[in-house]
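Report on the structure given below.
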Amino acid sequence: MRGKLSLPTRVALVYLLPVLAIGALAIYVTLGLRTTLTTNEQVTETQDIISTARLVERLLIDAETSLRGYLITGDEDLLDPYDIAVFRFSRTIETLARQVADRPEQRRRTALARELFDRWQRSVASELIEARRGGQDFAAIVSTREGTGLVSAFRETLRELLEAAEQRLQDQLAASQSGFHRMETVAWVWLAAAVCITAGVGALLLLGLSRSVRDLTDSAQRIADGELDRRMTVRGDRDISAMATAFNRMADRLQATVQKQQRTQAELRERVDRLVALRTRESNLLTRMGELLQAADDREEAYRVVAQTARELFPDDSGALLMLTEDQDVLRLRSWGRHAERLGASAFAARECWALRRGKTHTGAGDEGELSCGHVDPAHPAPYICIPLVAQGETLGVLHLRNDEPEHEGTLDWTDAEHQLAATMAEHVALALANLELRHRLQEQSLRDPLTGLYNRRMLAEALPRELRRSARAEQSVALLLFDLDHFKQLNDDHGHDAGDAVLRHLAGLLGENFRGEDICCRFGGEEFAVVLPGADLEHARQRAEELRRCVAEAAVVHQGEALGDFTLSLGIAMAPQHGDSEERLIQAADEALYAAKAAGRNRVCVAGELA
Ligand SMILES: Nc1nc2c(ncn2[C@@H]2O[C@H](COP(=O)(O)OP(=O)(O)OP(=O)(O)O)[C@@H](O)[C@H]2O)c(=O)[nH]1
């Protein structure tokens with residue numbers, strides 16, 4: 001039955017079994033009761049036969065007793081019971097005959113009894129009554145003993161009939177009783193069997209159900225606790241096994257979903273970790289770049305820092321730092337990357353760059369399209385980005401990046417993150433370069449004389465010891481020229497202080513023309529100037545000094561339309577290490593030489609150590 005019947009069928013069976021059993025029992029009991037009823041009817045019939053037979057016997061006795069009384073007394077009234085008995089006998093014997101009609105033996109006995117009574121009544125009783133009325137001797141009739149014989153035979157016949165009837169009654173009662181007992185036994189056994197079978201089937205059903213429910217609860221609990229590979233045991237019952245299979249399928253899908261979710265989460269975490277690591281690295285690189293730019297002494301150092309940081313932040317890209325000049329030209333001051341040679345023009349007008357023109361970040365494909373900047377080389381198209389370097393509202397230049405990796409070729413697929421990173425870097429670079437420029441300007445201002453633009457005495461105090469050390473290391477000499485405008489006071493007095501200033505500025509211009517870039521030209525104070533010539537020997541220094549003296553003597557300065565007349569220079573030269581290897585001694589030696597030149601008549605060059 002297991003596995004063949006569904007759960008509802010088996011539950012229905014548990015209910016149906018006792019109903020069927022009780023129904024069958026009811027039919028059985030009904031049939032049994034009918035049998036008992038029939039038996040009881042038969043018992044009643046037999047009892048009726050017995051009472052009728054007893055009545056027949058009593059009627060004979062009544063008739064005989066009445067007859068005897070009349071014979072003794074001759075009183076006619078005493079014959080009434082006789083007449084009644086005879087009358088009732090014929091009707092009663094008729095009844096008895098009907099009652100035993102279906103039983104031949106009893107029918108025969110009844111007929112015999114009727115015949116014997118009739119014969120007694122006709123040939124004995126009637127004769128005796130006639131004889132007594134006629135006064136005849138009825139004793140002779142009695143003495144024949146015919147009557148006694150008939151009555152005895154009658155009684156014997158009735159006794160046999162009664163015995164047979166009573167025997168039959170006994171049999172019927174016994175049969176009725178045993179039938180009832182059998183029915184009672186069958187009913188109890190039937191009921192007990194029905195209860196046992198129902199209880200057994202119900203118990204089996206409950207056992208199976210409770211085991212499956214326990215298994216289901218346990219499995220669900222374990223899955224809820226995270227034991228996702230837990231499954232139900234699929235047992236034979238169709239519905240339960242279907243439920244277990246469905247549960248297991250649900251658990252499979254749940255496990256697959258959870259595992260997929262865990263995988264996704266792990267991937268996500270990994271990506272986030274990678275992203276965080278990348279962002280941290282980028283942030284560290286930007287921070288380091290900021291610190292290095294802060295510490296940079298000059299622009300060259302700053303440009304190197306920018307190039308190195310860009311190389312690390314954008315390892316797949318080539319790039320360039322393009323700086324704007326005062327003439328609105330753009331110069332490529334640094335480039336980096338594997339394809340730096342493809343970066344295009346190294347100098348171009350600012351309008352060539354869309355980013356500079358619009359003041360906004362510009363991306364292009366680098367081909368010949370209209371949206372590509374003019375400075376990009378269309379022979380090597382690659383996606384690029386130009387970000388203006390803007391600090392404190394001033395545009396300093398452009399950070400240019402291009403990607404020559406194959407997957408980028410011909411596309412504009414700079415990601416938002418790359419955009420953002422490049423923009424952040426550009427912000428840092430712009431701010432740092434602006435700061436550097438400001439620092440440079442302040443430093444320049446503190447080291448320069450505002451009137452002439454030449455370095456001031458402070459710069460000389462810094463530069464001279466440095467040059468002395470460097471020359472000493474290189475075993476070279478250093479020349480110091482110290483010179484002074486002759487009769488400058490007179491010039492001021494004659495033409496005014498502004499005219500004097502104009503002469504001083506003119507002299508500064510002449511210094512710029514007569515000395516090299518590495519020579520350090522300073523305004524020493526008032527109308528006194530100094531020039532340091534690193535690596536120069538005495539002859540060279542003397543030559544430069546003479547050239548300057550001549551140049552000044554020949555110069556014509558016009559101030560506010562007025563020719564300021566001739567003016568001359570007196571110059572002193574001191575050489576390191578011959579005339580002094582320290583700043584103080586060298587300056588002193590040069591000053592002495594200058595003083596000697598003045599003393600000798602001005603407009604001349606004197607060398608320390610050659611003084612008279
Ligand atoms: N216009 C102008 N004059 C200056 C400046 N600094 C110093 N002087 C003047 O330069 C003059 C220097 O005069 P002196 O020291 O007597 O020297 P000198 O007149 O050139 O005479 P010698 O040097 O002996 O030839 C003074 O009158 C100062 O006022 C300056 O920045 N501008």
Side-chain angles (χ1 to χ4, degrees), residues 2-11 205-288 309-319 337-338 361 363 365 382-385 387 401-425:
R2 283 166 68 92
K4 298 261 187 343
L5 298 177
S6 66
L7 183 65
T9 310
R10 284 188 296 125
V11 171
L205 183 69
L206 275 178
L207 213 66
L209 270 179
S210 76
R211 195 166 53 172
S212 299
V213 168
R214 248 199 339 270
D215 192 13
L216 175 68
T217 310
D218 191 39
S219 300
Q221 186 63 51
R222 281 174 187 239
I223 285 174
D225 290 344
E227 203 181 307
L228 293 176
D229 52 354
R230 171 77 180 187
R231 296 290 178 274
M232 276 186 77
T233 309
V234 180
R235 294 201 174 88
D237 295 294
R238 200 172 65 189
D239 294 286
I240 300 295
S241 66
M243 182 187 73
T245 306
F247 178 88
N248 289 346
R249 227 178 40 239
M250 181 199 74
D252 285 345
R253 293 194 63 178
L254 183 71
Q255 189 178 21
T257 307
V258 169
Q259 281 172 348
K260 192 175 164 196
Q261 222 168 36
Q262 283 170 343
R263 272 200 305 277
T264 310
Q265 261 178 1
E267 279 169 20
L268 212 63
R269 207 175 305 123
E270 207 176 304
R271 275 167 59 185
V272 167
D273 287 349
R274 269 207 310 270
L275 217 60
V276 167
L278 188 68
R279 293 286 167 269
T280 307
R281 179 177 171 274
E282 289 169 357
S283 168
N284 289 342
L285 283 172
L286 287 174
T287 306
R288 193 192 65 176
T309 307
R311 221 177 260 128
E312 290 174 272
L313 281 177
F314 304 99
D316 296 335
D317 300 347
S318 303
R338 273 180 294 166
T361 296
T363 53
Y384 74 91
I385 183 168
I387 306 170
L401 294 169
R402 58 177 275 138
N403 194 310
D404 287 271
E405 293 304 306
E407 67 265 28
H408 289 296
E409 213 157 317
T411 65
L412 299 176
D413 56 349
W414 290 87
T415 64
D416 286 348
E418 285 170 326
H419 258 278
Q420 189 55 49
L421 182 61
T424 307
M425 182 181 170

Where is the tightest heavy-atom contact between Leu285 and Thr309, given as atom of each residue plus distance?
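Looking at all heavy atoms of both residues, the closest pair is O-CG2, 3.9 Å.
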Identify, with sequence neighbours excluded, every residue that meets salt bridge (charged side-chain N to carboxylate O under 4.0 Å, His left out) alongside Arg288.
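Counting only residues at least two positions away or on another chain, Arg288 forms a salt bridge (charged side-chain N to carboxylate O under 4.0 Å, His left out) with Glu312.
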My understanding is that only residues two or more places apart in sequence, or in another chain, count here; which of them pass salt bridge (charged side-chain N to carboxylate O under 4.0 Å, His left out) with Arg279?
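Checked Arg279 against salt bridge (charged side-chain N to carboxylate O under 4.0 Å, His left out); matches are Glu282.
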As an exercise, state the distance from CG of Asp317 to CZ of Arg338, rounded to the nearest 0.5 Å.
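Reported value, rounded in 0.5 Å steps: 9.5 Å.
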Distance in Å, Ser318 OG paired with Arg311 CZ, rounded so as to fall on 0.5 Å steps
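That separation rounds to 10.0 Å.
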Within residues 219-230 or reaching into it, pairs that qualify as salt bridge (Lys or Arg N to Asp or Glu O under 4.0 Å) - sequence neighbours excluded:
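Found Asp215-Arg230, Asp218-Arg222, Asp218-Arg230, Arg222-Glu227.
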Residues two or more places apart in sequence or in another chain: which of them pass side chain to side chain contact (heavy atoms under 4.5 Å, CB included) with Thr424?
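Residues passing side chain to side chain contact (heavy atoms under 4.5 Å, CB included) with Thr424: Leu286, Gln420, His428.
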Taking side chain to side chain contact (heavy atoms under 4.5 Å, CB included) as the test, write out the residues that go with Thr287, two or more places apart.
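So Thr287 forms a side chain to side chain contact (heavy atoms under 4.5 Å, CB included) with Ser283, Glu291.
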Would you give me the side-chain donor-acceptor pairs under 3.5 Å for residues 246-259, sequence neighbours excluded?
residue, atom, partner, partner atom, Å
Asn248, OD1, Met232, N, 2.8
Asn248, ND2, Met232, O, 3.0
Asn248, ND2, Ala244, O, 3.4
Asp252, OD1, Arg231, NE, 2.7
Asp252, OD1, Arg231, NH2, 2.7
Gln255, OE1, Arg231, NH2, 2.7
Thr257, OG1, Arg253, O, 2.6

Decide yes or no on side-chain contact (heavy atoms from CB on, under 4.5 Å) for Thr363 and His419, but give the supporting numbers first.
CA-CA 9 Å; Thr363 53; His419 258 278; 3.5 Å; yes
Would you be so kind as to tabulate the donor-acceptor pairs closer than 3.5 Å made by side chains of residues 266-277, with sequence neighbours excluded?
residue, atom, partner, partner atom, Å
Glu270, OE2, Arg274, NH1, 3.4

Taking C-beta and beyond as the side chain, do Phe314 and Asn403 meet within less than 4.5 Å on heavy atoms?
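A side-chain contact is absent here, since even the closest heavy-atom pair is not under 4.5 Å.
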